[in-house]
Amino acid sequence: AAEKITYMTNWLAQAEHGGYYQAVADGTYAACGLDVTIQQGGPQVSGRPLLLAGKIDFYMGGNLLQAFDAVQQNIPLRIVAASFQKEPQVVMSHPGQGLDKWEDLKNADQYILGDEGAQSFFQWMITEFGFDPAKRVPYTFNAAPFIANAKSIQQGYVTSEPFAVEKEGGFKPNTFLLADYGFSTYATTIEAMQETIDKRPEVVKCFVDGSAKGWYNYLYGDNKAANEAIKKDNPDITDEQIAFSIEQMKKFGIVDSGDAEKLGIGAMTDEHIAGFYDKMVKAKVIPEGLDIKKAYTLDFVNKGVGLDLKK
Amino acid sequence: MVPSTTVPGMEGSGKPLLSLRAVGKTFSNGVTALSNVDMTIREGDFLSLLGPSGCGKSTALRIIAGLTAPTTGTLDWSRKPGEESSVGFVFQEPTLLPWASVFDNVWLPLRLKGVSRSDAAPAVSQLLERVHLSGFENAVPRELSGGMKMRVSIARALVTKPRVLLMDEPFAALDEITRFKLNNDLLELWQDERFTVVFVTHSVFESVFLSNRIVVMAARPGRVFQEVEVDAPYPRDEAFRTSPAYAALCRQASDVLVSAINSTHGAAA
Amino acid sequence: MVPSTTVPGMEGSGKPLLSLRAVGKTFSNGVTALSNVDMTIREGDFLSLLGPSGCGKSTALRIIAGLTAPTTGTLDWSRKPGEESSVGFVFQEPTLLPWASVFDNVWLPLRLKGVSRSDAAPAVSQLLERVHLSGFENAVPRELSGGMKMRVSIARALVTKPRVLLMDEPFAALDEITRFKLNNDLLELWQDERFTVVFVTHSVFESVFLSNRIVVMAARPGRVFQEVEVDAPYPRDEAFRTSPAYAALCRQASDVLVSAINSTHGAAA
Amino acid sequence: MTAVESSVATLDPEEARRLRRERLERIGSWVLPLAIMVLAIWLWDRICVWNEIPQYILPRPGVVLQTLYNDAALLFGSLLVTLRITFLGLLLAVVGGVGLAVLFAQSKWVEMSFFPFAIVLQVTPIVAIFPLINIYVDNQTAKLLLCAWIVAFFPILSNTTLGLNSVDRNLRDLFRLNGATRWQELWHLRLPAAMPYFLGGLKIAGGLSLIGAVVAEFVAGASGQSSGLASRIIEAGYRLNAPRLFAALILISLAGIVIFLVLSLVSHLILRRWHESALKQER
Amino acid sequence: MTAVESSVATLDPEEARRLRRERLERIGSWVLPLAIMVLAIWLWDRICVWNEIPQYILPRPGVVLQTLYNDAALLFGSLLVTLRITFLGLLLAVVGGVGLAVLFAQSKWVEMSFFPFAIVLQVTPIVAIFPLINIYVDNQTAKLLLCAWIVAFFPILSNTTLGLNSVDRNLRDLFRLNGATRWQELWHLRLPAAMPYFLGGLKIAGGLSLIGAVVAEFVAGASGQSSGLASRIIEAGYRLNAPRLFAALILISLAGIVIFLVLSLVSHLILRRWHESALKQER
Ligand SMILES: Nc1ncnc2c1ncn2[C@@H]1O[C@H](COP(=O)(O)OP(=O)(O)OP(=O)(O)O)[C@@H](O)[C@H]1O
Ligand SMILES: Nc1ncnc2c1ncn2[C@@H]1O[C@H](COP(=O)(O)OP(=O)(O)OP(=O)(O)O)[C@@H](O)[C@H]1O
Ligand SMILES: [Mg+2]
Ligand SMILES: [Mg+2]
């Protein structure tokens with residue numbers, strides 16, 4: 001019988017999770033013996049402790065920083081694949097308010113940033129670009145304050161918030177992809193505990209490979225079933241939004257770009273991770289001298305799995 | 001009813017102050033506390049309400065004070081209702097502010113009229129001495145005995161020198177000696193100041209000693225059974241207490257009370 | 001102190017039940033309510049505590065009941081303390097459960113002993129009738145007059161047929177006629193059942209009529225002023241009330257009370 | 001006799017005035033609150049218009065009402081989910097609060113020993129400990145209930161403890177004299193005497209358990225299936241669907257008011273025969 | 001006389017027992033709570049060990065204490081920030097709660113008309129309306145205070161209202177007879193009579209305003225340097241620094257206990273002369 005495992009995402013079901021839903025829907029995981037349940041996260045929901053406690057098998061990490069934190073805290077947590085080559089995180093501003101350039105953004109009245117953002121990329125923005133920590137207000141995943149205040153900036157995923165703002169606010173916000181300004185982290189990672197890797201490597205392999213294939217199929221194949229599954233988990237999402245997200249992912253090469261084009265979706269390289277770590281050390285976001293090799297393993301990626309599915 | 005006559009020694013008495021006309025009171029639980037009560041209180045009267053327990057004395061007093069509205073009948077004040085009338089009231093239970101000292105409790109009515117603590121002090125102290133509570137100024141009510149609480153309540157009612165004094169069994173919790181003493185004090189005060197007193201009591205002796213008129217009430221329903229005129233001159237003193245006239249009056253009042261009670265218990269038991 | 005003698009008609013009386021020895025009580029606020037009280041209560045006694053307001057009668061009664069611990073001196077019970085003793089207590093204030101009906105309030109002591117409502121009903125009804133409260137079974141305390149509340153409290157104390165009955169001015173809120181009636185009832189009951197009564201009162205007449213011994217107390221500090229033996233045979237009835245012997249005894253007790261009070265007021269005022 | 005006659009003349013208007021006032025009060029007690037409510041809603045509308053507040057920030061009441069109507073099925077479904085947790089939470093809060101209060105009333109020692117834990121529960125932010133709950137409690141409803149309970153139980157505990165300690169001394173003595181057991185004293189004396197306090201605490205806890213249910217859902221995440229009003233609010237916020245967000249908020253507010261009214265009624269019915277706070281002003 | 005002598009013999013041990021019990025109680029009232037606390041901490045430690053719970057999920061108490069010590073400067077700094085909001089929030093809650101209660105006590109109409117708004121405030125989830133607050137309130141402290149106030153004011157309002165309505169009828173009549181103005185009745189009668197209820201509400205509100213301050217910070221965020229305990233918790237949670245997270249939680253709990261004890265003491269001092277709940281058992 002197929003082995004039951006749970007993968008928890010870090011947000012409500014959306015197109016950014018499409019690959020996994022695809023692999024569940026079209027039986028890719030089942031083909032290598034996994035019965036995968038996708039448990040969606042959401043605002044205020046913190047799934048990582050469930051991974052640490054062994055209640056779930058895999059967790060969707062936001063970026064690499066938390067994996068570094070895990071190393072610092074001696075937590076045996078590892079990234080086994082990075083589905084997104086680029087962090088889709090953007091900062092948005094109102095056009096024509098003197099906030100049209102990345103360098104100007106720090107002059108905004110208010111930075112509307114979520115807690116996770118404030119703890120990760122915002123730290124980098126402070127030390128690297130001189131953003132003022134006192135101007136930060138929490139983002140409660142409601143864009144109204146941003147739309148109301150023309151002098152504010154707000155975080156968002158390139159794949160969703162700009163769409164919502166444009167629809168409701170009636171203007172097209174400036175978007176600044178953090179990846180373009182040096183925040184070169186992988187994103188939407190698959191995290192697992194060392195114990196899982198040691199004791200059930202075939203499960204990890206199946207899940208990583210299946211996810212890669214799922215992503216290829218979702219982006220380039222027939223993703224109808226996956227979208228239905230997403231809409232079932234998150235009834236409020238619209239087809240329009242999903243289409244927008246997929247288009248943006250493709251446009252910005254979120255999933256399939258760089259190393260992934262040769263090594264397959266999920267690819268990670270030592271150099272890239274080390275490069276990001278050095279930047280973060282320089283920006284004093286993370287302390288020096290961590291053994292960051294403990295934060296990830298390349299055992300399951302870079303095998304070009306699924307490249308053949310790309311049309 | 002016996003027609004009112006001027007009592008010797010109390011010439012001012014006689015001008016009607018308040019008339020109760022066919023007053024009745026039925027509580028929301030259906031108990032009729034008073035039924036068809038007619039009564040006239042004259043200025044300068046020392047009127048006693050005498051009657052068995054539960055006959056509606058307290059209710060009548062509360063109606064007179066305006067604390068309870070009658071369900072039937074009317075109250076006719078000879079003075080305009082707006083006119084500032086100072087009323088002293090002694091509740092059947094002590095009704096003291098539990099958080100305030102004895103002094104502050106007695107001071108209260110004056111305080112509400114804007115008299116400062118130091119201005120009130122002489123009057124308060126004098127009254128506390130009169131009720132034998134000097135030295136307890138700083139005690140709070142829970143540190144007092146039952147009788148002491150009642151005496152604080154009496155002092156409080158007198159502190160404003162009210163023109164109308166309504167007292168609900170004020171001396172019931174006191175020993176006879178103290179009671180006699182306070183009876184004398186009250187009578188003296190009344191003769192000096194000529195205020196009007198409505199005095200609820202269950203003691204025949206007390207009512208005869210103090211009042212010029214006794215309204216004897218009967219119960220179930222509470223009603224005026226008979227009015228007794230106490231035809232004895234003021235001032236009344238210890239000599240009066242031992243006089244045959246007093247004894248006769250007591251016997252008379254007692255007989256009325258007994259018939260009033262029998263008219264009740266016969267019906268109930 | 002007068003040595004105890006057997007009272008005619010009450011042959012059982014005489015075995016000491018409780019002795020207070022040099023009992024004193026000083027409250028935390030520094031007031032000395034009792035000082036050096038010696039007193040012996042004998043089985044079958046009808047002992048009255050008579051004294052001016054604030055002299056410590058209630059405090060003494062609470063000490064006897066074990067509700068208050070004396071600060072000095074000792075209490076000696078002739079029975080082992082563990083022995084189940086049924087005590088009836090009438091507080092100076094009615095002390096009823098405000099949420100319970102009259103019936104339930106009287107039922108309470110039996111209920112606490114496990115007697116069901118229906119089993120208790122005859123005894124409760126009978127007592128309510130005795131205190132003239134039939135028909136008020138379902139009223140709650142706030143719907144009662146002051147005297148009625150007190151009568152509920154009396155019925156409650158009697159409902160368990162206690163061997164020791166402690167009463168704190170139980171009849172103070174009642175009219176004289178009802179009071180006399182209840183006096184007679186209580187005496188009758190006492191002669192039938194031969195329980196022990198400690199009876200606080202401020203009425204000389206009542207204490208003489210009821211008790212075989214009167215302990216007259218004086219105040220500041222509360223102390224035993226003198227003990228008066230009431231040397232009159234039981235049963236005592238209305239005839240006794242009008243007898244010269246009664247009048248003489250009253251005068252005697254009254255004189256003692258006056259000296260007790262003078263010994264107080266002289267000191268205080 | 002002129003005095004009396006004149007007084008008859010002056011008294012009647014007073015009586016009439018009193019009657020008029022009473023009638024007015026009876027009507028006013030319903031009309032006025034409604035009028036104020038309507039006024040408030042009107043003001044809300046005006047403020048939106050005067051300040052040209054865009055709909056995605058603060059929608060006008062009409063729009064919200066329209067949404068409430070349009071999304072009725074969805075929103076009322078969610079309301080039911082939330083209310084279920086609220087009531088269960090309140091029930092647990094009553095049981096837990098009263099139970100602990102009774103325990104604490106047994107002895108000063110017990111109270112001193114365990115009250116600190118109750119305070120710890122009260123002041124611990126659910127958001128912070130939820131990950132722990134999430135790990136060790138599997139059942140979703142149990143998680144939500146635990147959160148709602150933690151939020152709501154303290155007022156009941158605190159008020160009931162206060163009530164149990166506010167019993168008239170003489171009544172306590174009476175029970176002592178009659179050889180009442182601890183349990184009898186509790187049951188026949190302390191608990192009834194604590195009623196007004198307990199019911200006061202209950203009124204506070206009613207609203208708190210509603211907010212507890214909402215917060216619990218916020219924290220526990222509305223994983224699709226059991227989506228109560230909180231999830232609707234988050235989603236609507238995320239989608240910038242302000243009218244729906246406010247419709248959900250209004251449902252919560254209404255639920256809160258109804259819960260309060262029901263608890264007030266219960267309180268009134270229990271206390272009306274004897275406690276000052278519930279007595280009709282009988283004059 | 002044998003009876004008396006025998007009773008002397010039986011009485012002395014009783015007296016001795018009473019004294020012994022009193023002494024025990026005096027000691028126990030300090031020792032027992034401490035012992036229970038220690039036991040609880042020991043249990044926590046054992047549970048971690050027995051179940052092999054990894055530190056990053058639930059750290060052992062020793063580790064937390066160590067962290068508390070190591071990070072003392074940081075954590076106590078944050079504690080001060082949080083306590084500042086707590087106290088200001090509590091102050092506002094007292095002013096607002098008592099003020100509204102007094103207003104409501106003026107007339108049934110006012111109460112019926114405005115109580116619903118108080119309930120709305122109580123049950124509205126702060127997270128949901130924070131965007132609105134964020135838009136219209138500029139000052140960061142004001143935002144935090146508003147949130148803390150919304151959380152804490154209701155118990156004071158509700159309890160004080162109850163207290164103001166629980167005044168003895170006869171005392172009210174007494175004031176009427178003496179021609180007391182509304183204001184005098186309030187000041188000299190109703191407010192003192194409501195004291196025990198108000199203080200009960202205050203004890204609930206103390207903890208709530210602490211949790212309000214924390215929640216406010218969770219929701220409203222804190223600006224950089226002056227971040228309170230909530231930010232520390234979020235940060236520690238995000239950094240997977242469980243020991244620091246628990247150290248912060250423990251500080252909050254301790255603060256809650258201290259606030260409760262202080263408010264209990266205040267309550268005791270105010271009430272000890274007259275109210276049952278605060279009277280020493282004088283026998
Ligand atoms: N609030 C109330 N609700 C219902 N019935 C009441 C209320 N107050 C008094 N009663 C009833 O009204 C009657 C008269 O009561 P009231 O207090 O006037 O008697 P009283 O003459 O003062 O008696 P006492 O001498 O015992 O004080 C009693 O039968 C009592 O039960
Ligand atoms: N709890 C207390 N705290 C302090 N002092 C008290 C307390 N109770 C009573 N006292 C004082 O003790 C003295 C005796 O009080 P007690 O109640 O025994 O008097 P009493 O003889 O019953 O008077 P009364 O006839 O007025 O009821 C009084 O001076 C009183 O002030
Ligand atoms: Mg009366
Ligand atoms: Mg007494």
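In what follows, chains are A, B, ... by sequence order, proteins preceding strands, each numbered from 1. These numbers come from a predicted model, not from an experiment.
- Using a 4.5 Å cut-off on side-chain heavy atoms (C-beta onward), B/Leu108 and E/Leu174 make contact.
- Here the straight-line distance linking atom CZ of E/Phe175 with atom CG of B/Leu97 works out to 5.0 Å at 0.5 Å rounding.
- Taking each heavy atom of B/Ala65 and E/Leu177 in turn, the nearest pair found is O-CD2, 3.7 Å.
- The shortest non-hydrogen separation linking E/Asp168 to B/Thr95 is OD2-CG2, 4.4 Å.
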**Study point:** Intermediate values then yes/no, side chain to side chain contact (heavy atoms under 4.5 Å, CB included), B/Arg142 and E/Arg273
**Key:** CA-CA 9 Å; B/Arg142 66 166 194 93; E/Arg273 274 206 89 186; 5.8 Å; no

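- The interface of residues 87-95 of chain E with chain B, defined by heavy-atom distances below 4.5 Å, is empty.
- Residue contact with chain E, scored on non-hydrogen atoms closer than 4.5 Å, involves the side chain of B/Arg156 exclusively.
- For residues 185-204 of chain E, the interface with chain B (any heavy-atom pair closer than 4.5 Å) comprises E/His188, E/Leu189, E/Pro192, E/Ala193, sorted by residue number.
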**Study point:** Candidate pair E/Asp173 and B/Phe89, rule side chain to side chain contact (heavy atoms under 4.5 Å, CB included), full reasoning
**Key:** CA-CA 10 Å; E/Asp173 287 342; B/Phe89 198 102; over 6 Å; no

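- Annotation: side chain of E/Asn170 is in contact with side chain of B/Arg62 (closest heavy-atom distance under 4.5 Å).
- Within the 4.5 Å cutoff, the side chain of B/Trp99 has no heavy atoms near those of the E/Ile270 side chain.
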